[in-house]
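For this chain, numbers begin at 1 and follow the sequence in order.
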Amino acid sequence: MSSSPQGDKALDGYSKKKYVCKLLFIFLLGHDIDFGHMEAVNLLSSNRYTEKQIGYLFISVLVNSNSELIRLINNAIKNDLASRNPTFMGLALHCIANVGSREMAEAFAGEIPKILVAGDTMDSVKQSAALCLLRLYRTSPDLVPMGDWTSRVVHLLNDQHLGVVTAATSLITTLAQKNPEEFKTSVSLAVSRLSRIVTSASTDLQDYTYYFVPAPWLSVKLLRLLQCYPPPDPAVRGRLTECLETILNKAQEPPKSKKVQHSNAKNAVLFEAISLIIHHDSEPNLLVRACNQLGQFLQHRETNLRYLALESMCTLASSEFSHEAVKTHIETVTNALKTERDVSVRQRAVDLLYAMCDRSNAQQIVAEMLSYLETADYSIREEIVLKVAILAEKYAVDYTWYVDTILNLIRIAGDYVSEEVWYRVIQIVINRDDVQGYAAKTVFEALQAPACHENLVKVGGYILGEFGNLIAGDPRSSPLIQFNLLHSKFHLCSVPTRALLLSTYIKFVNLFPEVKTTIQDVLRSDSQLKNADVELQQRAVEYLRLSTVASTDILATVLEEMPPFPERESSILAKLKKKKGPSTVTDLEEAKRERSADINGGPEPAPASASATSTPSPSADLLGLGAAPPAPVGPPPSSGGLLVDVFSDSPSAVAPLAPGSEDNFARFVCKNNGVLFENQLLQIGLKSEFRQNLGRMFIFYGNKTSTQFLSFTPTLICSDDLRANLSLQTKPVDPTVDGGAQVQQVVNIECVSDFTEAPVLNIQFRYGGTFQNVSVKLPITLNKFFQPTEMASQDFFQRWKQLSKCTDSHCGQARKPSLRDCVNCCQNSFNPQGWSIRLVCLCIFLHLYHLSSLPCCK
């Protein structure tokens, strides 16, 4: 085709199209094409649709962003976009979206929004423009400018053409996730459009009705858009509630068709509506109805519906309004755990049992999970072990039950019991005197089994080494019997476990002098003193020497009982979250019903240590030789962990407020949404809503880099006075934030009494091996909880005059004026006509936060 210039001129448009089609077919067969590209570009200048279409098709498939022809292609696309021919414009927009390169985004990102919002643009072109812009925004968000077109594109939700509305909804949803403030007006329009769809008959939207379901794809997109925002204003909320109730009512109606497409479309809308109900978490009636509807799906013959129902109920279980309703389905869920053939559904059933657990049903759920563990799939056994360990500790009223549960766990699935789990049972036993004797007796009996898992030997060695004396009075568990029982397992264990047992033996020398000679003989044997492993050999030599030369008092001092472990944040829950990934049921743990449950293992949850030192593992330091004194107590951690653990690193000291934090804080005095903090690594955005004395704040943490943030830990820090006046409940975030990703944290707020200071948000994480520590003031201020009340000026001044009489004599003096001084000064400085409580509230707030520019505060 490109053999000679004369041959090129001899080819007409039809021939070029034919040969380009053949080249395209050859490429689809798997062969490389390195010629014919210029002929395809020439086809773009044709006025025939078929020729232009083949040219764009060839370019979309074969031309890459680094091609030398990209400038010619861009010029041809610009000519077609300027032609105002809807067919040619559609082809050009499709090509831009298919290629989606950064070069095309640079060339057309400013032009496409104008086409989208132009009044004379055809509906089909608007659809293509919206989807093309969406594609460019996803590939190169920094090149798509926000401008006047953003407010105009929102009004496309009112367009008469549902295809335009569907495309615009997809675009707005994606844009609103990064720029919520720009598109908040879309909420009322989306609710209005959704209301018209769900209340219409299938014949009203005939072109967009799919198997008797009106516009299901548009309904799903609108519901998904509404999930980008908190509950709307009361007027809009009422209409939205009616829409959601209508969707739930339609789900109860008999199906209008037996075709699977009908049920799929109807259920798609239903599940998205339930997701919105869960997201808002503010309508108890809707939450309970959603739970009941999902409960009907738990026994549905369709596996996908059972899976989705279990997954949605996991989230519902975290709501205080629907938790009790979810618990009513416990029998159905446990039955699914036993009889379900699909492993993914069984895994969701385990997640739901974990989510619905509280003090009233903890023992039943733990027993069911232990029973299932014996036959569970190997892929989920470790996860079940972690969940059983967490539930057993969190809801343990009787710690003997907790010890029995963990030992059962080791017996049933010892290979899947991680170090964090058996470390934790040792910590609990050491920290609680009332369970030490029972634990020693129980592990002694468990070790008598012919086959014991190595983790059980570790637990038994540690506990008997510390508390074996508590059961030594029984002839059946005399010191010699205890030693012989442990030593019978010695040759079957790995090197780390043998090292732990040697430490147990030297502990026995201190506890039971009558077995000292027997133990010294074991330590003196060639298998110990000449062991090939350096660690075992060193321990045997040092322990033998210690037992030989040390006096009784020195032995008692060196080998004294381990002191209680300091309480620290759980590493078991972090391990479970890491295994499950972000946005799982573990992220909702702290919103469960048992909000008053204290951290087991101590009478009160102790704050995390501010020291950077870590406590060695039990196997590494059974003797306690490396135990450090308790470190000074730092600020209390956020409620991000349900357990405490001595084996995880303690947080570093809280950093001072970041530069510019005070200025950013002041900007949020009169607004609820925006960017609170931003540097080259991290962006913190806020969305919040307040009603009376309650509020909810969504904190968005964005990783601006391409590298993961590790050990990501946001903590809310309040002084004692602030904690008494302001109640904050947080939900944990995933400790790993991928590069370019964003995670969300929800803070529930209750104003108990007036307050003047603000909480501090401290974020700690590791970036590229470097520890990062950022602190900012969280803009929760008293004025957020004010409610305006209009009244006549006479009534207002009469009420304030009843408090006391005050003059303006303080103005100009050096002392700080009182609050009532400010109000009286406001009365004299402003026109009393139209005076309202709103203005008084503003004066009070400005005074309290030292921001006032009123005459009395100058």
Side-chain angles (χ1 to χ4, degrees), residues 180-181 227-231 278-282 315 318-321 569 573 577 582-583 586-593 595-596 605 607-608 635-642 651 654 657-658 661 664-665 667-669 671-677 682-702 712-735 737 742-753 755 757-765 774-785:
E181 199 66 25
Q227 292 177 49
C228 297
Y229 293 92
I278 295 171
H279 172 75
H280 284 172
D281 193 20
S282 59
T315 313
S318 68
S319 172
E320 60 182 329
F321 303 117
E569 197 172 357
L573 200 60
K577 279 198 249 182
S583 301
T586 57
D587 297 328
L588 304 168
E589 176 66 28
E590 298 228 343
K592 293 171 67 175
R593 296 301 51 69
R595 298 183 188 276
S596 61
S638 67
S639 56
L642 299 174
V654 176
L657 291 179
S661 175
N664 288 338
F665 176 83
R667 281 197 287 269
F668 277 87
V669 167
K671 72 173 186 175
N672 291 332
N673 304 330
V675 176
L676 177 64
F677 171 82
L682 177 69
Q683 182 187 67
I684 304 175
L686 295 182
K687 285 196 307 183
S688 52
E689 57 171 347
F690 297 87
R691 188 171 295 109
Q692 297 180 356
N693 69 319
L694 300 178
R696 179 184 294 174
M697 181 174 288
F698 298 86
I699 308 176
F700 300 91
Y701 305 100
F712 189 83
T713 309
T715 306
L716 281 181
I717 301 171
C718 302
S719 65
D720 292 338
D721 292 339
L722 181 60
R723 196 178 298 111
N725 298 327
L726 190 68
S727 174
L728 302 175
Q729 291 181 344
T730 63
K731 296 185 179 181
V733 299
D734 190 80
V737 184
Q742 184 184 77
V743 296
Q744 171 184 301
Q745 184 176 37
V746 181
V747 181
N748 294 317
I749 309 162
E750 181 182 4
C751 180
V752 180
S753 181
F755 59 94
E757 55 183 313
V760 173
L761 175 64
N762 176 247
I763 302 100
Q764 300 180 9
F765 60 93
V774 177
S775 293
V776 295
K777 288 178 70 174
L778 203 61
I780 303 176
T781 50
L782 188 62
N783 71 309
K784 304 290 186 183
F785 305 97

Restricting to non-hydrogen atoms, name the atom on V737 and the atom on F712 that form the minimum distance, rounded to 0.1 Å. CG2-CG, 3.8 Å
Distance, nearest 0.5 Å, that separates CD1 of I780 from CG of L716: 7.0 Å
Listed by chain and number, what are the salt bridge (Lys or Arg N to Asp or Glu O under 4.0 Å) partners of E181, not counting sequence neighbours? K184
Please list, chain by chain and in numerical order, all residues satisfying side-chain hydrogen bond (donor to acceptor under 3.5 Å, both in side chains) with N672, sequence neighbours excluded. K784
Rounded distance [0.5 Å steps], CG in L761 versus CG in L657: 10.5 Å
L728 vs C718 side-chain heavy atoms within contact, under 4.5 Å: yes
Interatomic spacing from CG in L686 to CG in L676 - rounded to 0.5 Å: 4.5 Å
If you look at every heavy atom in D720 and R723, which pair is closest and at what distance? OD1-NH1, 3.0 Å
side-chain hydrogen bond (donor to acceptor under 3.5 Å, both in side chains) filter on Q683, not counting sequence neighbours, yields E678
Which residues share a side-chain hydrogen bond (donor to acceptor under 3.5 Å, both in side chains) with S775, sequence neighbours left out: N762
Between P779 and F665, the two heavy atoms sitting closest are CA-CE1, 3.5 Å
Determine yes or no for a side-chain-to-main-chain donor-acceptor pair under 3.5 angstrom, with H279 supplying the side chain and P231 the backbone. no
Would S719 and D721 count as having a side-chain donor-acceptor pair, cut-off 3.5 Å? no
Under 3.5 Å donor-acceptor pairs involving side-chain atoms of residues 689-701, not counting sequence neighbours:
from	atom 1	to	atom 2	distance (Å)
R696	NH1	H280	O	2.9
R696	NH2	D281	O	3.4
Y701	OH	Q745	OE1	2.7

Rounded to the nearest 0.5 Å, how far apart are OG1 of T781 and CZ of F755? 6.5 Å
Might you point out which heavy atoms bring A658 and F677 nearest each other, and give the distance in Å? CB-CE1, 3.6 Å
What is the minimum heavy-atom distance between P180 and Y229, and which atoms define it? O-OH, 2.7 Å
Got F785 and L726 here, is their nearest side-chain heavy-atom distance under 4.5 Å? yes
Partner set under side-chain hydrogen bond (donor to acceptor under 3.5 Å, both in side chains) for S727, not counting sequence neighbours: none
